[in-house]
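Just so you know, these numbers come straight off a predicted model, no measurement behind them.
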Amino acid sequence: MARLTTSKSITTQQVLDNTRFLSSQNLRSVQTKLTATKGQLIKLADTAVYSHLLSEKEKELLRNAAGIVGAVNLRIAAAKEKKQRDEKQRQANLDARAKSALRIAKNAFLLPTGSTAECIEVVRVALILNQLQVMKGFYPAEEFSAKLIAEARQAPSAWKTAEASLQYEVRSMAIEILRSVQNHIVYELDHCDVQAGFDSLVARVAEARPRVIEQRAAVLHVWLDALESCGREVHA
């Protein structure tokens, strides 16, 4: 069966260069289709019920075509395997970066342990991170503020007291802060190392803090009133 020679065949690197936006799974799909195509060409040349209707020259052309498809498929397979290795390494690096970012975030943004002051600080940080489009960036600042006010003012229910509701909202907000900081460092600041990315974010938070606290004073007042109206510290 005729095959492409090394000098004329497509190379693995050429496949990689021309499929840089495709995943290994995409290449696996291409490989499957090429394997089927090669099989069909060979079948048409040698074993199909109408193979005898073809001339020997036509059959040889089909075999040659099958050889070309097979040669290309070998390069596709090699490129797929290279992409798989690269994807695994990329994911391992990403997982390590995410783990490191979360550890640093947890050390800096501790979950509230009980005081009203801690709970208010969670709300402040959430407002600042939203303003910086780090947390809930799809909510404009005004809409995010309205959302926080509504959460603070929600009425107690038969199965959840006002204190329990505030406890839930504060803790959820604190966890979302950690998750948002982690994701921002991992994906938005991937051009620098984790600590440098975190330090950069902390500097931005510090710079924006006075302005956001002044602009969102109404939100903080609503939350302070809600927390104090419980008559005791909120254990978040």
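For Leu224 against Thr116, the heavy-atom pair with the smallest separation is CD1-CG2, 3.9 Å. Scanning both residues, Ala79 and Thr12, for their nearest heavy atoms gives N-CG2, 3.6 Å. Of all the heavy atoms in Ala152 and Val222, the pair that sits closest is CB-CG1, 3.8 Å. Taking both residues in full, the closest heavy atoms of Leu62 and Ala45 are given as CB-CB, 3.8 Å, listed atom of the first, atom of the second, then distance. Closest approach of Ala174 and Leu111 over heavy atoms only: CB-CD2, 3.5 Å. Here the closest non-hydrogen pair linking Val194 and Ser100 is CG1-OG, 3.7 Å.
Without hydrogens or angle criteria, Gln154 side chain to Glu151 main chain gives a donor-acceptor distance under 3.5 Å. Under the 3.5 Å distance criterion, the side-chain polar atoms of Ser229 are matched with a main-chain donor or acceptor of Ala226. Of the possible donor and acceptor atoms, none in the side chain of Arg171 sits under 3.5 Å from a partner among the backbone N and O of Pro112. At least one donor-acceptor pair closer than 3.5 Å links the side chain of Ser51 to the backbone N or O of Ala48. Without hydrogens or angle criteria, Gln182 side chain to Ala98 main chain gives a donor-acceptor distance under 3.5 Å. Judged by distance alone, with hydrogens and angles left aside, the side-chain atoms of Arg75 form no donor-acceptor pair with the main-chain N or O of Thr11 at under 3.5 Å. Using a distance-only test at 3.5 Å, with no hydrogens or angles considered, no donor-acceptor pair links the side chain of Ser200 to the main chain of Ala196.
Residues Ile149 and Trp223 are not in side-chain contact: their nearest non-hydrogen atoms beyond the backbone lie 4.5 Å or more apart. The closest side-chain heavy-atom distance from Thr161 to Ser165 is not below 4.5 Å. Between Asn64 and Glu60 there is a side-chain heavy-atom pair separated by less than 4.5 Å. In this structure, the side chains of Arg211 and Arg216 stay at 4.5 Å or more apart for every pair of heavy atoms. For the pair Ile104/Ile185, no side-chain contact is recorded, criterion being any heavy-atom separation below 4.5 Å from C-beta on. Taking 4.5 Å as the limit, some side-chain heavy atom of Asp46 sits within range of a side-chain heavy atom of Arg63. Within the 4.5 Å cutoff, side-chain heavy atoms of Glu176 are placed close to those of Lys136. Using a 4.5 Å cut-off on side-chain heavy atoms (C-beta onward), Val72 and Val15 make no contact.
Between Arg97 and Asp193, none of the side-chain N atoms (NZ, or NE/NH1/NH2) sits under 4.0 Å from a carboxylate O, so this pair counts as no salt bridge. Electrostatic pairing of Asp86 and Lys82 counts as a salt bridge here, judged by a charged N lying under 4.0 Å from a carboxylate O.
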| Going through the distances and angles, do Ser55 and Lys59 end up as a side chain to side chain contact (heavy atoms under 4.5 Å, CB included)? | CA-CA 6 Å; Ser55 69; Lys59 289 180 182 180; over 6 Å; no
| query | Run the side chain to side chain contact (heavy atoms under 4.5 Å, CB included) check on Lys83 and Gln25 step by step: do they pass? | reply | CA-CA 9 Å; Lys83 277 183 178 284; Gln25 190 60 42; over 6 Å; no
| said: I'd like to know whether Val181 forms a side chain to side chain contact (heavy atoms under 4.5 Å, CB included) with Leu129, so could you lay out the CA-CA distance, the side-chain angles of the two residues, the decisive distance to 0.1 Å, and finally the verdict. | reply: CA-CA 8 Å; Val181 169; Leu129 291 179; 4.0 Å; yes
| task | Evaluate the side chain to side chain contact (heavy atoms under 4.5 Å, CB included) criterion for residues Leu127 and Ser145: first the C-alpha distance (whole Å), next the side-chain angles of each, then the deciding distance (0.1 Å), finally the verdict. | result | CA-CA 7 Å; Leu127 287 166; Ser145 295; 3.9 Å; yes
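The residue from Lys80, Glu87, Gln84 that alone fulfils the side-chain hydrogen bond (donor to acceptor under 3.5 Å, both in side chains) condition with Ser24 is Glu87. When the options Ile213, Val212, Asp225, Leu148 are evaluated for a side chain to side chain contact (heavy atoms under 4.5 Å, CB included) with Leu220, the one that passes is Ile213. With respect to Asp17, the side-chain hydrogen bond (donor to acceptor under 3.5 Å, both in side chains) criterion is satisfied by exactly one of Gln13, Gln14, Arg20: Gln13.
There is no side-chain donor-acceptor pair under 3.5 Å between Thr19 and Asn26. Side-chain contact annotation: Asn183 with Ser180, donor-acceptor N/O pair under 3.5 Å absent.
Expressed to the nearest 0.5 Å, how far CZ of Arg179 lies from OG of Ser172 amounts to 9.0 Å. In this structure, CD1 on Ile128 lies 9.0 Å from CD1 on Ile177, to the nearest 0.5 angstrom. One finds the CG atom of Leu22 at 14.0 Å from the CZ atom of Arg28 (value rounded to the nearest 0.5 Å). With values rounded to the nearest 0.5 angstrom, Ile10 atom CD1 is found 11.5 Å from Leu74 atom CG. Within the model, atoms NZ of Lys38 and CD1 of Ile68 stand 12.0 Å from one another, a figure rounded to the nearest 0.5 Å. Atom CG of Leu94 is separated from atom NZ of Lys99 by 14.0 Å, given to the nearest 0.5 angstrom.
Atom CD of Gln133 is surrounded by 12 or fewer heavy atoms from other residues, nucleotides or ligands within 6.0 Å. Heavy-atom contacts from other residues, nucleotides or ligands closer than 6.0 Å to CD of Glu207 number 12 or fewer. Crowding of Phe138 atom CZ: a count of heavy atoms from other residues, nucleotides or ligands under 6.0 Å exceeding 12. Summarising the local packing, NZ of Lys147 is surrounded by more than 12 heavy atoms from other residues, nucleotides or ligands at distances under 6.0 Å.
Linking ILVMFWY residues whenever their side-chain heavy atoms come closer than 4.5 Å, directly or via other members, leaves Leu16 and Leu34 in distinct clusters. Cluster annotation: Ile120 and Val125 are assigned to the same hydrophobic cluster (Ile/Leu/Val/Met/Phe/Trp/Tyr, side-chain heavy-atom contacts under 4.5 Å, transitive). Val49 is connected to Leu41 through a chain of hydrophobic side-chain contacts under 4.5 Å among Ile, Leu, Val, Met, Phe, Trp and Tyr, so both are in one cluster. Cluster membership for Val186 and Val205, using ILVMFWY side-chain heavy atoms within less than 4.5 angstrom, is not shared. Both Leu166 and Ile175 are members of a single hydrophobic cluster when ILVMFWY side chains are connected at heavy-atom separations under 4.5 Å.
Note on ring orientation: taking the six-membered ring where Trp is involved, the planes of Phe198 and Phe109 are perpendicular (angle over 60°, cut-offs 30° and 60°).
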